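What follows is a set of notes on a single structure, which appears directly below.
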Amino acid sequence: MPELPEVEVSRQGLLPYLPGQRLLGAIFRTPKLRHALPGELAARLAGLRVDAISRRGKFLLFDCQCASGGGWLILHLGMSGSLRLVDPGTPAQKHDHVDLVFSSTVLRFRDPRRFGVLLWHEGSTVDRHPMISVLGIEPLSDEFDDDWLYAATRRRATPIKPLLMDSHFIAGIGNIYAAESLFRAGISPLRAANRIGKERYRHLVAAIRSTLQSAIAAGGSSLRDYAHSDGGLGSFQLSCRVYGRPGEPCMRCNKPIRAVRQAGRSTFYCPHCQR
DNA sequence: CGTTACCCCTGGAGGC
DNA sequence: TGCCTCCAGGGGTAAC
């Protein structure tokens, strides 16, 4: 399941190959992806050059410009999406929904559960797209620190864990990394956000940073050759200390990990170590 | 405005 | 073994 680190590693893996390449076109095998308009998109893309690839939260942003103007491809991998670079003519398999065709390679998007998103935004900037403009702070940016988090939570009575996962608040923290970061910071996922002090938020910011960055590092080190690796990006998910381990002993205190539901999502934590 | 329930989708796991 | 149900995930939308 791609979270921010997987998306970032995907971006880094594509950087040696795509920027500077010109799109010949696109092939859509699935009539309707979420929010996408495949027909129009396929026609619009031909002739554009990918100038840069950036990331916002879990969105990959392909800057596709040309002399007569261009726009941005906005891609979200959902929960089961993956990208790979294949040679032209490589047969598509089940769930291979979209090909972005370049002269010497093809960027292939596979997404079995089809929660992914592929959108086009006309123009030179993507900041004002309705799905991008509403995104919250980047958790790996310098602006994200204990001062920011403390101030931003003073009027939020919601439990901290669903707030961490709210992409309008912080962009890119999913269920797994929210649980793992809270465990490392020793904060209960049930605690109201406005009842956590600045010192504890300092620990949480550090935990979020280190959890995300170590996952990116792990992915980067496992990423040898994006173009020729068969499986695209392997799952390089960090080894979880609480996520998916209900009933198992806490690695710190040996008491059992508890599972609860918050806002419709499962939450795993150690009631003894996390307060 | 803040918060929650539900929906989209498919495959895998577990029960019978 | 096969069929059924449940669950996972992110983010939009509707509703409270």
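The basis for the numbers below is simple: all heavy atoms, side chains too, and nothing from hydrogens, waters or symmetry mates. Chain identifiers are assigned alphabetically (A, B, ...) following the order of the sequence lines, protein sequences preceding nucleic acid strands; residue numbering begins at 1 within each chain. Treat the numbers as computed from the prediction; the structure is a model and nothing was measured.
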Whole-Å distance between [N] [atom2] and [X] [atom1]?
{"X": "A:L119", "N": "C:dG10", "atom1": "CG", "atom2": "P", "value": "18 Å"}
{"X": "A:L4", "N": "C:dG10", "atom1": "CG", "atom2": "P", "value": "12 Å"}
{"X": "A:L77", "N": "B:dT10", "atom1": "CG", "atom2": "P", "value": "18 Å"}
{"X": "A:L75", "N": "C:dG10", "atom1": "CG", "atom2": "P", "value": "16 Å"}
{"X": "A:F115", "N": "B:dT10", "atom1": "CZ", "atom2": "P", "value": "10 Å"}
{"X": "A:R110", "N": "B:dT10", "atom1": "CZ", "atom2": "C1'", "value": "14 Å"}
{"X": "A:D111", "N": "B:dC8", "atom1": "CG", "atom2": "C1'", "value": "11 Å"}
{"X": "A:M165", "N": "C:dA8", "atom1": "CE", "atom2": "P", "value": "11 Å"}

At under 4.0 Å, does any side-chain N or O of [X] touch on OP1 or OP2 of [N]?
{"X": "A:H76", "N": "C:dG11", "result": "yes"}
{"X": "A:S266", "N": "C:dA8", "result": "yes"}
{"X": "A:H168", "N": "C:dG12", "result": "yes"}
{"X": "A:R113", "N": "B:dG11", "result": "no"}
{"X": "A:R261", "N": "C:dA8", "result": "yes"}
{"X": "A:K94", "N": "B:dG11", "result": "yes"}

Could you list, one pair per line, each protein nitrogen or oxygen that sits under 3.5 Å from a nitrogen or oxygen of nucleotides 1-3 of chain B, together with the distance?
{"residue": "B:dT3", "atom": "OP1", "partner": "A:A157", "partner atom": "N", "Å": "3.1"}
{"residue": "B:dT3", "atom": "OP1", "partner": "A:T158", "partner atom": "N", "Å": "2.9"}
{"residue": "B:dT3", "atom": "OP2", "partner": "A:R156", "partner atom": "NE", "Å": "2.7"}
{"residue": "B:dT3", "atom": "OP2", "partner": "A:R156", "partner atom": "NH2", "Å": "3.0"}

Return yes when atom CZ of A:R128 has more than 12 non-hydrogen atoms of other residues, nucleotides or ligands closer than 6.0 Å, and no otherwise.
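No.
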Quick check on A:R195: does its CZ atom have over 12 non-hydrogen neighbours (other residues, nucleotides or ligands) under 6.0 Å away?
no
Listed by chain and number, what are the side chain to side chain contact (heavy atoms under 4.5 Å, CB included) partners of [X], not counting sequence neighbours?
{"X": "A:D145", "result": "A:D147, A:W148"}
{"X": "A:A157", "result": "A:N194"}
{"X": "A:P271", "result": "A:R258, A:Y269"}

When the nearest nucleotide of DNA chain B is assigned to A:P112 and to A:Q262 on a heavy-atom basis, which residue is associated with the more 5' position?
A:Q262
Could [X] and [Y] be called an ion pair, given the rule that one side-chain N must be under 4.0 Å from one carboxylate O?
{"X": "A:R200", "Y": "A:D146", "answer": "no"}
{"X": "A:D51", "Y": "A:R49", "answer": "yes"}
{"X": "A:R44", "Y": "A:E122", "answer": "yes"}
{"X": "A:E180", "Y": "A:R241", "answer": "no"}

Identify the residue among A:V7, A:L75, A:L135 that makes a side-chain contact (heavy atoms from CB on, under 4.5 Å) with A:F59.
A:L135
Please say which of A:I173, A:L190, A:N175 ends up in a side-chain contact (heavy atoms from CB on, under 4.5 Å) with A:K161.
A:N175
Could you pull out the protein-nucleic contacts involving nucleotides 14-16 of chain C (nitrogen or oxygen on both sides, under 3.5 Å)?
none

Could you tell me if the side chain of A:P189 sits less than 4.5 Å from the side chain of A:Q262, heavy atoms only?
yes
Could you tell me, to 10°, how much the axis swings from one end of the helix from B:dG2-C:dC16 to B:dC16-C:dG2 to the other, five pairs per end?
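If I round to tens, the end axes sit 50° apart.
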Which residue lies toward the 5' end of DNA chain C, A:G172 or A:G264, if each is placed at its nearest nucleotide?
A:G264
